[in-house]
Amino acid sequence: MAHTLPSGDQASDQDKWDSGGLECNQQLLIEIVMRNRLIALVVDGDTTCWVLEQELLHSYGVQTLDVDNSRDAVDLIASNAEFNLIIIEKIIPVLNGLEVTRQIREIGVRCKMLEVTACSGESERQAFLATGVDVFIEKPLDPEHLVPILRELDGQ
């Protein structure tokens with residue numbers, strides 16, 4: 001995947017990109033990605049997973065709201081809360097990820113929806129795409145998948 005570097009001396013930025021550790025790479029990505037304030041809803045019943053997803057989003061300057069079950073997610077969205085991105089796990093308490101995705105779309109939400117799951121079979125991917133998920137990713141959520149989505153949401 002080709003990376004767009006921040007304006008400035010391309011050679012020195014490229015050298016930093018190629019030789020830097022994760023911390024250096026994340027700093028370059030923050031400069032690339034964030035022009036606008038983005039807000040994400042993370043829906044995951046596994047506390048460890050949503051904390052990791054939240055920290056990754058925070059590292060790029062994205063504000064997050066986290067819920068651990070589908071009922072709270074639907075209630076929150078029905079209360080007119082607005083998000084740029086909704087990240088949903090397949091296996092969550094109350095309703096599964098497919099059903100909560102369907103309900104969120106039926107409410108009229110059109111923001112980018114990302115499904116992250118450990119179950120990544122083709123039939124599951126097709127089922128989620130049919131319910132209105134924009135992107136289907138096998139866990140863990142990583143910068144390689146997240147950064148292009150954030151760039152798109154940020155209008156880059």
Side-chain angles (χ1 to χ4, degrees), residues 1 3-4 20-156:
M1 174 163 88
H3 298 284
T4 304
L22 179 60
E23 183 176 312
C24 179
N25 288 346
Q26 284 185 338
Q27 180 59 41
L28 287 172
L29 291 173
I30 289 171
E31 292 174 8
I32 295 168
V33 173
M34 301 315 301
R35 292 183 189 161
N36 299 297
R37 182 174 153 235
L38 300 178
I39 303 172
L41 173 63
V42 178
V43 184
D44 198 320
D46 182 326
T47 304
T48 301
C49 290
W50 70 252
V51 166
L52 292 173
E53 292 161 359
Q54 174 186 2
E55 290 302 314
L56 179 61
L57 288 160
H58 286 176
S59 75
Y60 294 109
V62 178
Q63 294 180 334
T64 62
L65 189 57
D66 310 285
V67 296
D68 63 0
N69 68 77
S70 57
R71 180 178 40 242
D72 289 348
V74 171
D75 289 348
L76 184 62
I77 290 166
S79 74
N80 295 320
E82 293 187 18
F83 301 96
N84 303 99
L85 175 65
I86 299 174
I87 300 173
I88 300 177
E89 162 58 46
K90 177 188 175 198
I91 302 169
I92 50 178
V94 186
L95 302 172
N96 67 33
L98 278 169
E99 186 55 34
V100 74
T101 300
R102 189 174 293 112
Q103 286 188 14
I104 290 169
R105 288 298 192 210
E106 286 173 0
I107 291 170
V109 172
R110 297 291 163 235
C111 73
K112 180 76 85 177
M113 291 181 70
L114 172 63
E115 175 66 31
V116 289
T117 184
C119 308
S120 63
E122 182 60 24
S123 63
E124 284 152 348
R125 187 178 82 76
Q126 290 300 323
F128 271 100
L129 293 173
T131 64
V133 166
D134 298 294
V135 181
F136 185 89
I137 297 175
E138 183 176 350
K139 281 186 174 183
L141 179 60
D142 58 27
E144 180 180 350
H145 291 98
L146 182 62
V147 168
I149 293 166
L150 295 178
R151 282 186 180 147
E152 177 187 338
L153 293 172
D154 197 39
Q156 295 185 31

Engineer: Quick one: CD1 on Ile39 to CG on Leu153, what's the gap to the nearest 0.5 Å?
Structural biologist: 12.0 Å
Engineer: How long is the straight-line distance from CZ of Arg102 back to OG1 of Thr131, given to the nearest 0.5 Å?
Structural biologist: 6.0 Å
Engineer: Before accepting this row, confirm whether a basic side-chain N of the pair Arg125/Glu115 lies closer than 4.0 Å to the acidic partner's carboxylate O.
Structural biologist: no
Engineer: Should we count CD of Glu55 as having more than 12 external heavy atoms under 6.0 Å?
Structural biologist: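 Yes, because the 6.0 Å sphere around CD of Glu55 holds more than 12 heavy atoms from other groups.
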Engineer: Quick one: do Thr117 and Phe128 satisfy side-chain contact (heavy atoms from CB on, under 4.5 Å)? Show the steps, please.
Structural biologist: CA-CA 11 Å; Thr117 184; Phe128 271 100; 5.7 Å; no
Engineer: Do Asp44 and Cys49 have side chains that get closer than 4.5 Å, going by heavy atoms?
Structural biologist: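 Sidechains of Cys49 and Asp44: in contact.
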Engineer: May I ask you to test the Val74-Ile107 pair for a side-chain heavy-atom distance under 4.5 Å?
Structural biologist: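 Of all side-chain heavy-atom pairs linking Ile107 with Val74, at least one is under 4.5 Å.
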Engineer: Checking side chain to side chain contact (heavy atoms under 4.5 Å, CB included) against Ile88, which of Val116, Ile104, Leu114 comes through?
Structural biologist: Ile104
Engineer: Please step through side-chain contact (heavy atoms from CB on, under 4.5 Å) for the pair Leu41 and Ile77, ending with a clear verdict.
Structural biologist: CA-CA 9 Å; Leu41 173 63; Ile77 290 166; 3.8 Å; yes
Engineer: Could you walk me through whether Val42 and Leu57 pass the side-chain contact (heavy atoms from CB on, under 4.5 Å) test, one step at a time?
Structural biologist: CA-CA 10 Å; Val42 178; Leu57 288 160; 3.7 Å; yes
Engineer: Using atom types as modelled and distance alone, determine if a side-chain donor or acceptor of Asp75 lies under 3.5 Å from a backbone N or O of Ala78.
Structural biologist: no
Engineer: For the atom pair NZ (Lys112) and CG (Leu150), what is the distance rounded to the nearest 0.5 Å?
Structural biologist: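 Taking NZ in Lys112 and CG in Leu150, the distance rounds to 10.5 Å.
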Engineer: Check for a donor-acceptor pair, side chain of Arg105 on one end and backbone N or O of Gly132 on the other, with a separation under 3.5 Å.
Structural biologist: yes
Engineer: What's the verdict on side-chain contact (heavy atoms from CB on, under 4.5 Å) for Glu124 and Phe136, showing C-alpha distance, side-chain angles and the deciding distance?
Structural biologist: CA-CA 9 Å; Glu124 284 152 348; Phe136 185 89; 4.3 Å; yes
Engineer: If we only count heavy atoms from C-beta on, is the Leu56 to Pro143 side-chain gap below 4.5 Å?
Structural biologist: yes
